[in-house]
> 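Can you keep this structure in mind? I'll have questions shortly.
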Amino acid sequence: MQIRHCDKTPQADSLLLLLTEEDCKDIPELDEGIREVVSVLISRKDFNGKKGSFLRVPMVEGSMYLSGLGKREKCTLSAIRESLASGLRAIGRKHGRSAFVPLSHLKGYDGLAFALGEASGLCGYSFDKYKTKSEDYEPFALEEVYSDISGDDEISAGLKLSKAQIFSREIANEPGCSVCPETMAQKARELAEKYGLECEVWDEERLRTEKAGGILAVGSGSKNPPRLIHLTYRPENPKKKVAFVGKGITFDSGGLNIKPDNFMLTMKGDKTGACNVLGIMKGVAELGLNVEVHGILSCAENMPSGSSYRPDDIITARNGKTIEINNTDAEGRLVLADGLCVASELKPDAIVDMATLTGACVVALGKHRAGLFSNDDGLAGEILASSSQRGEPYWRMPLEDEHISEKMKSPFADLVNSGERYGGAIFAALFLKEFVDDGIAWAHMDIAGVDFSDKEQGIYPKGATAFGVRTCLDWLMRL
Ligand code: BES
Ligand code: MN
Ligand code: ZN
């Protein structure tokens with residue numbers, strides 16, 4: 001995707017105009033010919049700028065697309081980003097090769113150039129590689145976007161961010177039959193090769209010598225063995241050191257506590273946390289950030305078999321804590337436990353983990369907002385600020401609850417791995433806390449539900465969203 005600056009209307013085959021309701025009453029400065037068409041459409045009540053309204057007008061050459069932003073005072077940068085992505089997607093699908101997107105009438109929004117770069121990069125992605133293409137299939141055509149706003153650096157940073165997200169989505173969308181823990185390791189090695197990152201992969205044997213009992217237990221039922229993957233981006237004089245830990249369950253059947261049929265669907269997405277960490281590593285390298293970044297992926301496939309770990313088993317995590325298993329479907333916290341220990345040993349300034357961890361979080365917050373837990377108000381505040389700037393919503397959840405902690409006690413081991421149904425997301429977060437060394441600022445993102453979009457909407461295609469990557473990269477850029 002090429003994005004070019006231009007002052008007057010370029011020779012593009014399509015035009016995308018984002019207009020607020022106010023803009024429809026007082027049409028912004030545009031090329032005379034375009035302005036005339038727009039004013040006719042508005043006076044004929046074909047278009048009024050209401051939020052979500054969309055009109056395609058075939059012209060002699062190419063098409064004009066009008067997209068409504070609603071009332072100016074209610075129009076956020078996120079709404080603009082989404083309209084940009086939907087509009088550009090529609091153009092690319094209708095064989096538009098180049099588009100002109102005037103945006104100078106929307107100046108006043110901080111981050112507009114960034115949003116243009118990001119939306120342009122994201123609009124063309126969809127997971128359709130397995131679909132047989134019909135004879136008249138034409139691939140997404142959009143290649144060039146012109147705009148009248150400046151900010152080349154921001155635009156290119158936005159484009160890089162979009163690549164990081166697409167990288168995560170591409171892997172997350174793959175089904176369990178094509179991506180197993182070793183595939184994740186392969187993807188990590190390729191990434192390391194391309195960007196000069198360090199990459200270490202622990203296979204079963206190494207996991208045993210490293211005492212990663214959580215990952216080993218969860219992976220024991222599958223013929224696809226588990227892996228812990230550690231990527232490192234090491235600039236010369238880093239300002240900070242941070243570690244990301246991702247849950248990489250390449251398929252979550254529930255294990256011996258097998259999930260009922262419809263709950264198992266979409267569980268190929270249970271590796272999204274790890275895919276996001278790969279996306280973040282790519283983004284960090286592309287942007288050349290001055291922060292030492294570690295990406296730790298805890299990967300296993302949770303399957304029932306004769307060699308599976310069982311309810312009642314007592315396992316030992318890397319930091320020596322023993323865990324009595326009372327539900328093999330609460331597996332994410334077990335693989336993360338070892339990942340968080342490895343991260344703690346690096347003594348970073350901050351640890352951020354992300355995981356499609358609990359159905360309870362989806363029940364609490366819905367499918368469009370992730371849960372954020374943190375032991376550090378400063379870190380939580382920074383993440384929430386990045387989240388609101390990038391339009392990726394989180395809600396801070398409590399990380400202290402004596403009644404729920406009480407349920408973590410086991411009669412035979414240090415901990416049990418699951419509690420009662422109520423407060424399930426908090427229980428899981430409190431469990432993870434047991435594996436983070438005291439004194440390290442830590443944030444946990446429960447991205448269950450937000451990892452996957454049922455429909456195409458704004459910057460999201462159907463399927464994997466890479467929710468989390470944008471906020472984390474924005475946070476890193478500000479460190
Ligand atoms: N991967 C699931 C959580 C999940 C549920 C993600 C729905 C996305 C959508 C996780 O491993 C799981 O099975 N959690 C259980 C925990 C329970 C057994 C304590 C859950 O949420 O039901
Ligand atoms: Mn599970
Ligand atoms: Zn899971």
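Just so you know, ligand 1 is whichever comes first in the structure, and atom 1 is the first atom listed for that ligand. Numbering of residues begins at 1 and proceeds along the displayed sequence.
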> So that I know where these two stand, are F467 and Y394 an aromatic pair - ring centroids less than 6.0 Å apart?
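Ring centres of Y394 and F467 closer than 6.0 Å.
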
> Side chains of N327 and S418: is there a donor and an acceptor less than 3.5 Å apart?
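Note: N327 and S418 side chains miss the donor-acceptor criterion.
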
> Does the N or O separation between E331 and ligand 1 drop below 3.5 Å for any pair?
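There is such a contact, yes.
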
> In Å and rounded to the nearest 0.5 Å, what is the NZ to CG distance from K241 to L479?
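Rounded to the nearest 0.5 Å, the NZ-CG separation comes out at 14.5 Å.
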
> Roughly how far, to the nearest 0.5 Å, is CD1 of I91 from OH of Y65?
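Y65 atom OH to I91 atom CD1 measures 5.5 Å (nearest 0.5 Å).
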
> Around atom NZ of K259, are there more than 12 heavy atoms of other residues, nucleotides or ligands at under 6.0 Å?
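Enclosed: over 12 neighbouring heavy atoms sit under 6.0 Å from NZ of K259.
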
> For a distance under 2.8 Å, tell me if A355 has an N/O/S atom near the Zn ion (ligand 3).
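No - counting backbone and side chain alike, A355 has no N, O or S atom under 2.8 Å.
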
> What atoms of ligand 1 come closer than 4.0 angstrom to any heavy atom of T356?
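Per the distance check, 1 (N), 2 (C), 3 (C), 6 (C).
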
> At what distance is the nearest protein heavy atom to atom 4 (C) of ligand 1, and which residue and atom is it?
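Nearest neighbour among protein heavy atoms for atom 4 (C) of ligand 1, to 0.1 Å: M267 CE, 3.8 Å.
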
> Could you tell me the residue and atom name of the protein heavy atom closest to atom 20 (C) of ligand 1, and the distance to it rounded to 0.1 Å?
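Answer for atom 20 (C) of ligand 1: G359 N, 3.8 Å.
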
> Looking at ligand 1, would R421 count as a contact under a 4.0 Å heavy-atom criterion?
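So R421 does not count as touching ligand 1.
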
> Counting heavy atoms only, which of G424, S418, A448 comes nearest to atom 19 (C) of ligand 1?
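Answer by nearest heavy atom: S418.
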
> Distance to 0.1 Å, residue and atom name: give those for the protein heavy atom nearest to atom 2 (C) of ligand 1.
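Nearest neighbour among protein heavy atoms for atom 2 (C) of ligand 1, to 0.1 Å: D252 OD2, 3.6 Å.
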
> Taking 4.0 angstrom as the limit and counting only heavy atoms of K247, give me the atoms of ligand 1 inside it, by number and element.
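Going through ligand 1 atom by atom, the ones under 4.0 Å from K247 are 1 (N), 10 (C), 11 (O).
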
> Identify, for atom 14 (N) of ligand 1, the protein heavy atom at the shortest distance, and state residue, atom and that distance.
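Closest protein heavy atom to atom 14 (N) of ligand 1: L357 O, 3.6 Å.
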
> Hey, can you tell me if F127 and Y130 have their rings parallel, tilted or perpendicular (30° and 60° cut-offs)?
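Taking Y130 first and then F127, their aromatic rings stand perpendicular (interplane angle over 60°).
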
> Measuring only between side-chain heavy atoms, which start at C-beta, is E292 closer than 4.5 Å to H294?
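Heavy-atom side-chain distance check passes, below 4.5 Å.
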
> Can you name the N, O or S atom of E331 that is closest to the Mn ion (ligand 2)?
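It is OE1, the N, O or S atom of E331 closest to the Mn ion (ligand 2).
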
> Quick one: does NZ or CZ of K282 land under 6.0 Å from the six-membered ring centre of F167, within 45 degrees of the ring axis?
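Cation-pi check for K282 and F167: passes.
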
> Less than 4.0 Å between a side-chain N and a carboxylate O, is that true for E138 and R93?
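No, this pair does not count.
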
> Between K129 and E174, is the closest basic N to carboxylate O distance under 4.0 Å?
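Counted as a salt bridge, because a side-chain N and a carboxylate O are separated by less than 4.0 Å.
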
> For atom 18 (C) of ligand 1, which of L334, T272, N327 has the closest heavy atom?
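Nearest option to atom 18 (C) of ligand 1, by heavy atoms: N327.
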
> Just checking: D252, one of its N/O/S atoms, less than 2.8 Å away from the Mn ion (ligand 2), yes or no?
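A backbone or side-chain N, O or S atom of D252 is under 2.8 Å from the Mn ion (ligand 2).
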
> State plainly whether the residues R470 and D474 are in salt-bridge range, i.e. N to O under 4.0 Å.
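No, R470 and D474 are not salt-bridged.
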
> Could you please compute the angle at the Zn ion (ligand 3) from OD2 of D270 to OD2 of D252, rounded to 10°?
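Rounded to 10°, it measures 90°.
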
> Can you confirm, on distance only, whether ligand 1 has an N/O atom lying under 3.5 Å from any N/O atom belonging to K259?
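Between K259 and ligand 1 (N or O atoms, distance only) the closest approach is under 3.5 Å.
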
> Does the protein put a heavy atom under 4.0 Å from atom 22 (O) of ligand 1?
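No, because not a single protein heavy atom sits under 4.0 Å from atom 22 (O) of ligand 1.
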
> Is it true that N276 and S168 share a donor-acceptor pair across their side chains at a distance under 3.5 Å?
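A donor-acceptor contact under 3.5 Å links the two side chains.
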
> Side chain or backbone of M264 under 4.0 Å from ligand 1, or both, or neither, by non-hydrogen atoms?
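Within the 4.0 Å criterion, M264 makes no contact with ligand 1.
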
> Nearest heavy atom to atom 17 (C) of ligand 1 wins, so pick from G254, C361, A330, A360.
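It is A330 that holds the nearest heavy atom.
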
> Strictly under 2.8 Å, is the Zn ion (ligand 3) approached by any N, O or S atom of E331?
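Of the N, O and S atoms in E331, at least one lies under 2.8 Å from the Zn ion (ligand 3), which means yes.
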
> Students should be able to answer this: which protein heavy-atom is nearest to atom 15 (C) of ligand 1, and at what distance?
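That would be D329 O, 4.0 Å.
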
> Considering only non-hydrogen protein atoms, determine which one is nearest to atom 1 (N) of ligand 1 and report residue, atom name and distance to 0.1 Å.
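Ranked first by proximity to atom 1 (N) of ligand 1 is D270 OD1, 2.9 Å.
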
> So for ligand 1, is R333 a polar contact partner (N or O within less than 3.5 Å, distance only)?
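No, no N or O pair falls under 3.5 Å.
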
> Any side-chain donor-acceptor pair under 3.5 Å between E82 and Q457?
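No - no donor-acceptor pair under 3.5 Å links their side chains.
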
